[in-house]
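Computed from a prediction, not measured in an experiment: that's the story for all the values here. Quick note: residue numbers are just sequence positions, from 1.
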Amino acid sequence: MFILPLALMIYAFIDCLNTSEEDTKHLPKIAWVFIILLFWVVGSIGWLFAGKVRHSAAGGAGLSSWQPGGRRQQWVAPDDNPDFLKSLKDDKAAERAAAEEEERGRREGGTGPDDKTPPTS
């Protein structure tokens with residue numbers, strides 16, 4: 001009879017301390033802390049049902065997928081992400097441009113990094 005209300009009070013107290021001030025409802029956070037500590041059962045149940053803004057985890061997504069504006073961010077696999085694919089294309093284009101520049105330098109008589117002959121002076 002004593003352990004269950006104590007466990008409920010400890011859970012509600014820790015949950016209240018970990019909740020941001022913006023997510024508390026009806027009363028300031030410090031008031032909820034005092035209510036939970038002074039009125040074990042009633043304060044804890046009050047906190048669980050009326051003290052905190054609860055987000056529903058639709059589709060099994062955790063609260064970390066919620067953005068501040070209330071919108072959910074959608075996770076996209078790298079092979080379906082257009083920004084990631086564009087960055088790969090940009091990287092390949094830069095590598096190709098550097099290789100073409102090196103080849104052009106070799107054709108025009110300059111020495112490239114792979115040339116084994118020393119430059120004449």
Looking only at heavy atoms, what is the nearest atom pair of Cys16 and Val33, with distance?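 In terms of heavy atoms, the two residues are closest at SG-CG2, 3.7 Å.
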
Taking all non-hydrogen atoms of both residues into account, name the closest pair between Ser44 and Ile36 and its distance.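 The pair with the smallest heavy-atom distance is OG-CG2, 4.0 Å.
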
Enumerate the residue pairs fulfilling ring pair (Phe, Tyr, Trp, His ring centres under 6.0 Å) with a member in residues 29-48, sequence neighbours excluded, ordered by first and then second residue.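 Only Phe2-Trp40, Trp32-Trp47 qualify under ring pair (Phe, Tyr, Trp, His ring centres under 6.0 Å).
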
What residues form a salt bridge (Lys or Arg N to Asp or Glu O under 4.0 Å) with Glu22, not counting sequence neighbours?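 Glu22 satisfies salt bridge (Lys or Arg N to Asp or Glu O under 4.0 Å) with no residue once adjacent residues are dropped.
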
Glu101 vs Arg104 side-chain heavy atoms within contact, under 4.5 Å: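 Result yes, sub-4.5 Å side-chain heavy-atom pair found.
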
With sequence neighbours left out, which residue pairs that include part of residues 1-15 fulfil the salt bridge (charged side-chain N to carboxylate O under 4.0 Å, His left out) condition?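 Matches after skipping sequence neighbours: Asp15-Lys52, Asp15-Arg54.
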
If you look only at pairs with a residue in residues 86-99, which of them pass as a salt bridge (charged side-chain N to carboxylate O under 4.0 Å, His left out), with sequence neighbours excluded?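 Checked against salt bridge (charged side-chain N to carboxylate O under 4.0 Å, His left out) - neighbours excluded - the pairs reaching residues 86-99 are Lys86-Asp90.
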
Are [X] and [Y] grouped together when hydrophobic residues (ILVMFWY) are joined by side-chain heavy atoms under 4.5 angstrom apart?
X: Ile14; Y: Val53; answer: no
X: Ile3; Y: Leu8; answer: no
X: Ile30; Y: Leu48; answer: no
X: Leu4; Y: Val42; answer: no

Could you tell me which residues satisfy side-chain contact (heavy atoms from CB on, under 4.5 Å) with Glu21, sequence neighbours excluded, listed by chain and number?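 Result, side-chain contact (heavy atoms from CB on, under 4.5 Å) vs Glu21: Thr24, Pro28, Lys29.
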
